[in-house]
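Below: one structure, written as structure tokens.
Computed from heavy atoms alone, side chains included, the values below leave out hydrogens, waters and symmetry copies. All values reported here derive from a predicted model rather than from experimental measurement.
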Amino acid sequence: MVHLDALYRVALALIHWLLPRLFRVRLEGLENLPRPPFILASNHQRWYDPAFLALALPRRPMVYSMARRETVFNRAWKRRLLPLIGVFPISPHRGELDEAGLRTVYQILERGGVVLIFPEGRYSRGRALRPLKVGIGHFALQAGVPISPVSVRGTDVLRPFSRVDISIGPPIRPDPPAWWSLGQKVAQVVDNVQRALAAGLQRRRRRPSEA
């Protein structure tokens with residue numbers, strides 16, 4: 001699963017060439033990305049956020065993300081194409097992933113991969129974050145991997161040559177006290193991610209670098 005597919009490599013190259021020419025993309029915090037495996041957690045403003053996040057993603061290994069089986073994988077060509085660029089199907093119910101989706105996340109992390117998750121579960125608007133789903137806390141704790149928080153600003157009002165800010169915060173490592181209950185551990189991880197994403201959305205970038 002960690003093999004970098006040729007189509008994925010071409011898509012990344014195209015994104016890195018095209019987006020900085022169409023928009024004023026400013027990227028901060030690349031040095032904060034941990035070594036794989038890890039979870040990339042981002043706020044989610046629009047459906048095309050993953051394209052901008054690709055500017056901050058490591059070239060290797062392939063970064064996997066999830067999409068609804070019923071709406072995104074609803075055509076045969078999508079079912080063939082999307083897995084080639086790291087997208088796998090899920091069928092969430094009441095905010096929880098299905099068994100196949102859960103298994104896929106853990107398999108990717110166990111093999112040294114990276115999983116992109118939008119823990120809000122739906123689109124936010126502007127700088128306002130929705131409450132995060134607890135699944136990201138379970139994934140980090142059970143897989144024993146850090147979470148890299150990435151905040152994106154500007155995609156909600158996107159237009160040619162508008163500014164998009166991408167801020168990568170320090171990794172969040174799931175290391176709560178061992179005597180805490182699972183619920184307490186998960187709540188702390190989720191709260192830490194929420195705080196990190198909110199801080200990234202509010203931060204004024206003093207020395208941004210062009211992507």
Side-chain angles (χ1 to χ4, degrees), residues 1-16 19 30 32-75 77-92 95-123 132-152 155 166 168-169 171-174 189-190 193 197:
M1 276 193 171
V2 296
H3 174 67
L4 187 68
D5 188 90
L7 181 59
Y8 178 78
R9 184 169 62 248
V10 170
L12 275 185
L14 180 61
I15 287 171
H16 277 261
L19 291 189
L30 276 175
N32 288 325
L33 283 176
R35 293 176 61 85
F38 64 89
I39 296 169
L40 201 73
S42 176
N43 62 308
H44 200 10
Q45 297 180 337
R46 292 291 188 270
W47 63 268
Y48 41 75
D49 286 341
F52 287 91
L53 288 169
L55 298 175
L57 301 180
R59 298 296 183 101
R60 295 177 182 272
M62 177 186 286
V63 175
Y64 289 83
S65 60
M66 57 188 73
R68 287 179 177 269
R69 184 187 306 273
E70 294 76 14
T71 55
V72 179
F73 284 80
N74 57 351
R75 296 288 185 274
W77 68 270
K78 292 182 181 180
R79 291 192 289 271
R80 289 194 297 269
L81 175 64
L82 292 177
L84 298 179
I85 55 175
V87 183
F88 60 92
I90 59 169
S91 296
E96 301 294 332
L97 290 190
D98 60 298
E99 183 177 346
L102 290 170
R103 185 167 57 249
T104 300
V105 171
Y106 287 120
Q107 286 176 348
I108 293 169
L109 295 174
E110 287 172 1
R111 298 182 186 185
V114 179
V115 179
L116 168 62
I117 295 178
F118 296 105
E120 292 169 284
R122 53 188 299 190
Y123 296 140
L132 306 189
K133 304 295 185 182
V134 299
I136 193 167
H138 285 283
F139 290 143
L141 286 165
Q142 295 187 30
V145 300
I147 300 172
S148 181
V150 184
S151 302
V152 181
T155 57
I166 305 170
I168 306 171
I172 297 166
R173 304 191 183 276
V189 173
V190 173
V193 175
L197 292 178

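Remark: Ile168 CD1 to Leu33 CG distance equals 4.0 Å, nearest 0.5 Å. One finds the OG1 atom of Thr155 at 4.0 Å from the CD atom of Gln45 (value rounded to the nearest 0.5 Å). His138 NE2 to Tyr106 OH: the interatomic distance, rounded to the nearest 0.5 Å, is 7.5 Å. Atom-to-atom distance recorded for Leu55:CG and Ile15:CD1 is 7.0 Å, nearest 0.5 angstrom. With rounding to the nearest 0.5 angstrom, the CD atom of Glu70 is 9.0 Å from the CD1 atom of Ile90. For the atom pair Ser65 OG and Leu82 CG, the distance stands at 8.5 Å (nearest 0.5 Å).
The minimum heavy-atom distance linking Pro174 with Pro146 is given by the pair CD-CA, 4.1 Å. Closest approach of Arg173 and Pro34 over heavy atoms only: NH2-CB, 4.3 Å. Residues Pro36 and Gly113 approach most closely at CB-O, 4.4 Å, considering heavy atoms. Minimum heavy-atom separation, Ala56 to Ile166: CB-CG2, 4.2 Å. Ala41 and Leu197 make their closest contact through O-CD2, 3.6 Å (heavy atoms, listed as atom of the first residue, atom of the second, distance). Between Tyr8 and Val63 the shortest heavy-atom distance is OH-N, 3.0 Å.
Judged as a side-chain contact (heavy atoms from CB on, under 4.5 Å), and not counting sequence neighbours, the contacts of Arg80 are Ala76, Trp77. Contacts of Phe118 classified as ring pair (Phe, Tyr, Trp, His ring centres under 6.0 Å), with partners at least two apart in sequence or in another chain: His44. Applying the side-chain contact (heavy atoms from CB on, under 4.5 Å) test to Pro89 and every residue at least two apart in sequence or in another chain returns Arg69, Phe73.
You'll find the side chain of Leu116 stays beyond 4.5 Å of the side chain of Val150, heavy atoms only. Contact of the Val105 side chain with the Met66 side chain is registered, since non-hydrogen atoms from C-beta on lie closer than 4.5 Å. Considering only heavy atoms from C-beta on, Tyr123 stays 4.5 Å or farther from Asp49 through its side chain. In this structure, the side chains of Val145 and Phe139 stay at 4.5 Å or more apart for every pair of heavy atoms.
Only one option out of Val114, Thr104, Val115 pairs with Leu109 in a side chain to side chain contact (heavy atoms under 4.5 Å, CB included); it is Val115.
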- Query: What's the verdict on side chain to side chain contact (heavy atoms under 4.5 Å, CB included) for Ile147 and Ile117, showing C-alpha distance, side-chain angles and the deciding distance?
  - Reply: CA-CA 10 Å; Ile147 300 172; Ile117 295 178; over 6 Å; no
